[in-house]
Amino acid sequence: MANIISDETIEYVGILAKLELSDEEKEQAKKDMGRMLDYIDKLNELDTEGIEPMSHVFPVDNVFREDVVTNGDDREQMLANAPRKKDGTYMVPKTFD
């Protein structure tokens, strides 16, 4: 394992993540983080010259459409079941003074 994670790093990450880790969990986290960094080092060894960066494996195309209102202004129907209404709006009890 070329990447050695210090106890201070684990403590710092725990504070950032708001985690309370036991000693066993800290040791396991150190091993896991070391393995992740080793894998990243291995990926950095790959020759990516001439490879176009991509965000998805498959092509993603946005489908744009016109924003057309289909339900219109149906205020009266929406207010039909309101227990209290005034001037085309819902009336609700006060939540604070």
Side-chain angles (χ1 to χ4, degrees):
M1 183 161 81
N3 291 294
I4 300 192
I5 307 299
S6 68
D7 292 333
E8 292 81 23
T9 302
I10 292 297
E11 288 291 328
Y12 182 65
V13 171
I15 290 168
L16 290 176
K18 298 185 187 296
L19 296 175
E20 293 181 24
L21 301 173
S22 67
D23 290 338
E24 296 84 24
E25 291 172 324
K26 288 178 186 177
E27 286 302 315
Q28 185 61 44
K30 281 171 55 173
K31 290 177 188 175
D32 290 344
M33 289 177 74
R35 284 196 299 264
M36 285 186 257
L37 292 174
D38 288 341
Y39 186 68
I40 291 170
D41 287 344
K42 187 172 195 130
L43 289 175
N44 284 334
E45 294 174 6
L46 294 173
D47 179 21
T48 57
E49 190 68 34
I51 305 295
E52 184 177 336
M54 61 182 182
S55 60
H56 297 282
V57 177
F58 300 107
V60 176
D61 296 318
N62 286 329
V63 179
F64 295 104
R65 63 174 174 76
E66 291 295 320
D67 189 13
V68 179
V69 177
T70 58
N71 60 350
D73 183 14
D74 205 7
R75 181 180 303 195
E76 291 305 318
Q77 186 177 358
M78 289 186 280
L79 290 171
N81 294 323
R84 294 177 59 202
K85 53 190 167 190
K86 179 180 179 184
D87 299 327
T89 62
Y90 296 100
M91 290 195 57
V92 296
K94 282 186 178 181
T95 54
F96 59 89
D97 289 318

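If you're wondering where the values come from, they're calculated on a predicted model, not measured in any experiment. Quick note: residue numbers are just sequence positions, from 1. Because only heavy atoms are used, hydrogens play no part in the values below, and waters and symmetry mates are left out as well, while side chains stay in.
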Sequence neighbours excluded and cut-off under 3.5 Å, please list the side-chain donor-acceptor pairs for residues 21-28, or say none.
from	atom 1	to	atom 2	distance (Å)
S22	OG	E24	OE1	3.3
S22	OG	E25	N	3.3
S22	OG	E25	OE1	3.4
E25	OE1	S22	N	2.8
K26	NZ	E11	OE2	2.4
Q28	NE2	D32	OD1	3.0

With a 4.5 Å cut-off on side-chain heavy-atom distances among I, L, V, M, F, W and Y, is there a chain of contacts connecting L19 to V13? yes
Nearest 0.5 Å please: distance from the CG atom of D38 over to the CD1 atom of I4. 9.5 Å
When the side chains of residues 88-96 are checked against the rest of the protein, which donor-acceptor pairs come out under 3.5 Å, sequence neighbours left out?
from	atom 1	to	atom 2	distance (Å)
T89	OG1	K86	O	2.7
Y90	OH	M78	O	3.1

Check whether any side-chain N or O of D47 sits under 3.5 Å from a backbone N or O of E49 as a donor-acceptor pair, and report yes or no. yes
Taking side chain as C-beta onward, heavy atoms only, is K30 less than 4.5 Å from D7? yes
Within a radius of less than 6.0 Å around CG of N81, do more than 12 heavy atoms belonging to other residues, nucleotides or ligands occur? no
For residues I40 and M33: do they belong to one hydrophobic cluster (side chain heavy atoms under 4.5 Å, members Ile, Leu, Val, Met, Phe, Trp, Tyr)? yes
Is there a side-chain contact between I5 and L37 (heavy atoms, below 4.5 Å)? yes
Pairwise distance CD1(I15) to CD1(I10) - rounded to 0.5 angstrom: 11.5 Å
Answer yes or no: is there a donor N or O on one side and an acceptor on the other, between the side chain of S6 and the main chain of T9, under 3.5 Å? yes
